[in-house]
Structure formats: C-alpha cells, structure tokens
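Read the structure below first, then the notes.
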Amino acid sequence: MDHALKNRVALVTGASSGIGEATAFALAAAGARVAVAARRRDRLEAVANKIRADGGEALVVEADFGVEAQAQRAVHETEKAFGRLDILVNNAGVMYLEPVIEADLARWRRMVEINVLGLIAATQAALPGMRARGDGHIVNIASTAGRVATPTAAAYAATKFGVVGFSEALRKEIYRDRIRVSVIEPGVVETELRDHIGHDATQKAINDWASSMRQLQSDDVARAIVFCVTQPPHVCINEILMRPTDQER
Ligand code: NDP
C-alpha cells in the first residue's frame, strides 16, 4: 500500500462493479479509508472484505442513488463512520439506450434520477463538511457521451452533458472554498453497463462496436481518478477525456 491518501476518506458510488469497484480498490491501495455504495449489498461486502484483507478500512453503504434522500444518507453515513468525507466519487450510473420515438420515458426518467439528480444530491450533502474544512474533492464520472451525442443515446447524452455542465458551474461556485471538482469522461470501458441497455438492436450494435476495439478496462479509469485526487492542493485537474486508442467517436 502506498500512502498518498493516508488520512483521507473517500466515498465511491456505484462501487459494486466496474469502474467504481476498481476505483474503491485503487483509493484504498493509496491509503484512503473508503465507503463503497450501491444497491447490491453482497457485491459491496465482497469489495469491502477485499479492501480489509489488503490492510485497508472500508464501509458498506447500501443505497439507491436514484432516490435523493438515500444519496444524501450515503454521504452522512460515511461522515458518521469515518468522521469526515474528503473525496466523493460520483460514479453510480446506468445507460439506457433506444431511439427517441420509441423510448420508455419512465425508464429515461429513472436514468436522469440516477445519473444526474443522485449525483447532485450526494454532492450537495458533501459540501458543508468540505467547506467547513476548506478542503475536498468531487470527482464526477461523465462520459464521451457528455461531449459527443450519438443516435439512441439522446437521453444518456443529456445526462452526461448535464454532469459536465453541473460540474463546471459547481467548480466556479466552490473553488474559493478550496474544494476541487474533476470530471472524468471515458470512452468505451468493458463493464456490465451495456448489459442493461434495454433495447436489443441497440445493445447488439454497441456490443459489436465495442468488441471491434481494445476497450478500456475499469483499472485504466481508476488510475485517472487516483491521478486527479493525488495532486498537490494547488492543482485541480478539471477534466480528463480518455478513449480507447482504437475508438474514433
Ligand atoms: P457498471 O454497470 O459496472 O457499474 C455501475 C454501478 O452503478 C454499479 O455499481 C451499480 O450498482 C451502480 N448503480 C446503478 N444504478 C444505481 C442506483 N440506482 N443506485 C446506486 N448505484 C447504482 O458500469 P460502469 O462501471 O461502466 O459505470 C460506472 C459509471 O461510468 C457510470 O456512470 C457510466 O455512465 C460511466 N461510464 C461508463 C462507460 C463504459 O463504457 N462502461 C463509459 C463512460 C462512462 P448496483 O447495481 O449494485 O446498484
């Protein structure tokens, strides 16, 4: 274990799989105490147990980030257990893709609640403690879909463009409190995200496209996040846009 994040406390949302899971391990390996949050408690327990087995400290927080009060509670539980929250990684997200004309709007509403409103609620809950200490870091996981909009991804892109816009406005509100804001915008990462697309033709097209390239792995994104949160206090990495070498759009 290295100690770049010794005495730091992190909360990673969506830590039961993929990028969030890898990020929880990477932050713990850098010395942070890590709260891991998502809905699947069994998966979170496995992540926490591995962190503990490697000599770290972990807290499991079962929460649905599509529900504002639960997103806020996750932050408060972390602060209660570890005494503070220094790094909030807003990673929980879903990707429901289909053409606008046939879209299930209830599903899209839920995606907005998870990808945008849950991220906003968790962020808002984290700010008072960070402001009081004059220190803190919010890391928001957007996507290349927050920079480039493509067919079938209209609502997903709306959520990720939303995360990018929210993050930039937030940074301008809180930089004087020495709270940093970073946005990570990955291209295709090989995770479970595509399992829940919910539209067979789109899912097949995306899977075919993804398998045509050497995809990013969750660890690749976790390394970028660790890079952001281990900079000296006067350095704020505002944005990291990262694609597989083989990805064009
Ligand atoms: P995964 O599906 O592996 O991980 C998604 C995580 O979010 C899981 O831990 C899941 O946990 C959690 N989650 C989903 N819904 C909720 C909810 N309502 N409440 C709490 N947690 C929730 O996919 P990725 O690791 O790929 O996705 C992580 C983030 O990265 C997402 O924001 C995604 O948009 C973004 N991203 C992914 C890319 C990719 O190509 N994979 C590219 C660019 C960005 P659980 O189901 O247990 O609740």
Side-chain angles (χ1 to χ4, degrees), residues 11-26 35-48 60-75 77 88-97 107 109-122 139-150 153 155-164 166-167 183-198 203 206-207 209-211 213-222 224-225 239-244 246-247 249:
L11 165 60
V12 182
T13 77
S16 58
S17 62
I19 295 167
E21 179 181 21
T23 301
F25 291 143
V36 290
R39 294 166 301 177
R40 288 171 292 176
R41 174 171 280 277
D42 55 333
R43 297 278 294 258
L44 295 174
E45 296 285 2
V47 173
V60 167
V61 182
E62 185 180 327
D64 181 341
F65 280 75
V67 179
E68 195 179 297
Q70 295 191 34
Q72 292 164 334
R73 174 178 52 78
V75 170
E77 276 187 27
L88 170 62
V89 182
N90 280 313
N91 164 78
V94 292
M95 181 175 72
Y96 302 148
L97 306 178
R107 219 160 169 259
R109 173 184 294 276
R110 173 91 174 131
M111 177 164 64
V112 172
E113 287 168 350
I114 298 166
N115 292 10
V116 184
L117 299 176
L119 174 149
I120 291 174
V139 180
N140 291 334
I141 311 305
S143 168
T144 46
R147 298 279 297 258
V148 182
T150 51
Y156 183 66
T159 70
K160 294 303 186 178
F161 273 77
V163 170
V164 172
F166 171 76
S167 303
V183 188
I184 314 290
E185 299 158 316
V188 175
V189 190
E190 192 168 16
T191 69
E192 298 173 14
L193 192 73
R194 295 191 296 268
D195 297 351
H196 315 291
I197 283 173
Q203 185 166 26
I206 299 275
N207 280 334
W209 178 59
S211 48
M213 63 183 94
R214 296 165 297 167
Q215 301 168 53
L216 296 179
Q217 299 301 306
S218 294
D219 285 341
D220 299 323
V221 183
I225 293 168
E239 194 172 8
I240 293 184
L241 173 62
M242 56 190 293
R243 292 182 173 86
D246 303 336
Q247 179 179 340
R249 69 168 196 240

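All ligand and atom numbering here is 1-based and tracks the order in the structure. Note that the structure is a prediction, hence the values are computed from the model and not measured.
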Which protein heavy atom lies closest to [atom], and at what distance to 0.1 Å?
atom	result
atom 1 (P) of ligand 1	Ser17 OG, 3.5 Å
atom 9 (O) of ligand 1	Ser16 OG, 2.8 Å
atom 18 (N) of ligand 1	Asp64 OD1, 2.9 Å
atom 35 (C) of ligand 1	Ile141 CG2, 3.9 Å
atom 33 (C) of ligand 1	Tyr156 OH, 3.6 Å
atom 25 (O) of ligand 1	Ile19 N, 2.8 Å
atom 46 (O) of ligand 1	Arg39 NH2, 3.0 Å
atom 2 (O) of ligand 1	Leu193 N, 3.4 Å

Before accepting this row, confirm whether a basic side-chain N of the pair [X]/[Y] lies closer than 4.0 Å to the acidic partner's carboxylate O.
X	Y	result
Arg147	Glu239	yes
Glu62	Arg73	no
Arg39	Asp64	no
Glu21	Arg40	no

Please confirm whether [X] comes under 4.0 Å of ligand 1, counting heavy atoms of the residue only.
X	value
Arg110	yes
Ala63	yes
Ala142	yes
Ala210	no

Taking heavy atoms and a distance under 4.0 Å, where does [X] meet ligand 1: side chain, backbone, both or neither?
X	answer
Val188	backbone
Glu21	neither
Gln247	neither
Ala145	neither
Ala15	backbone

Residue among Thr13, Val67, Val94 satisfying side-chain contact (heavy atoms from CB on, under 4.5 Å) with Ile114: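 Only one of Thr13, Val67, Val94 forms a side-chain contact (heavy atoms from CB on, under 4.5 Å) with Ile114, namely Val94.
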Identified side-chain contact (heavy atoms from CB on, under 4.5 Å) counterpart of Glu185 within the set Val221, Ile240, Val164: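 Of all the options given, the one that passes is Val164.
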Working for side-chain hydrogen bond (donor to acceptor under 3.5 Å, both in side chains), residues Ser16 and Arg41: CA-CA 8 Å; Ser16 58; Arg41 174 171 280 277; over 6 Å; no
Atom indices of ligand 1 within 4.0 angstrom of [X] heavy atoms, with elements:
X	answer
Glu192	2 (O), 3 (O)
Gly18	3 (O), 25 (O)
Asn91	28 (C), 29 (C), 30 (O), 31 (C), 32 (O)

Identity of the nearest option to atom 23 (O) of ligand 1, non-hydrogen atoms only, from Val89, Thr191, Val94: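 Ranked by closest heavy atom to atom 23 (O) of ligand 1, first place is Thr191.
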What do you reckon, does [X] have a nitrogen or oxygen under 3.5 Å from a nitrogen or oxygen of ligand 1?
X	value
Ile114	no
Phe65	yes
Lys160	yes

Mind listing the closest non-hydrogen atom pair of [X] and [Y] along with its distance?
X	Y	answer
Val60	Ala48	CG2-CB, 3.6 Å
Thr191	Gly18	CG2-CA, 4.0 Å
Val189	Ser218	CG1-N, 3.8 Å
Tyr156	Tyr96	CB-O, 4.4 Å

Test log, rule salt bridge (Lys or Arg N to Asp or Glu O under 4.0 Å), inputs Glu190 and Arg214: CA-CA 9 Å; Glu190 192 168 16; Arg214 296 165 297 167; over 6 Å; no
Side-chain heavy atoms of Ile206 within contact of Leu97, under 4.5 Å: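 A side-chain contact under 4.5 Å exists here.
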Residue pair Arg194 / Val188, side-chain heavy-atom distance below 4.5 Å: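 Yes - at least one pair of side-chain heavy atoms lies under 4.5 Å apart.
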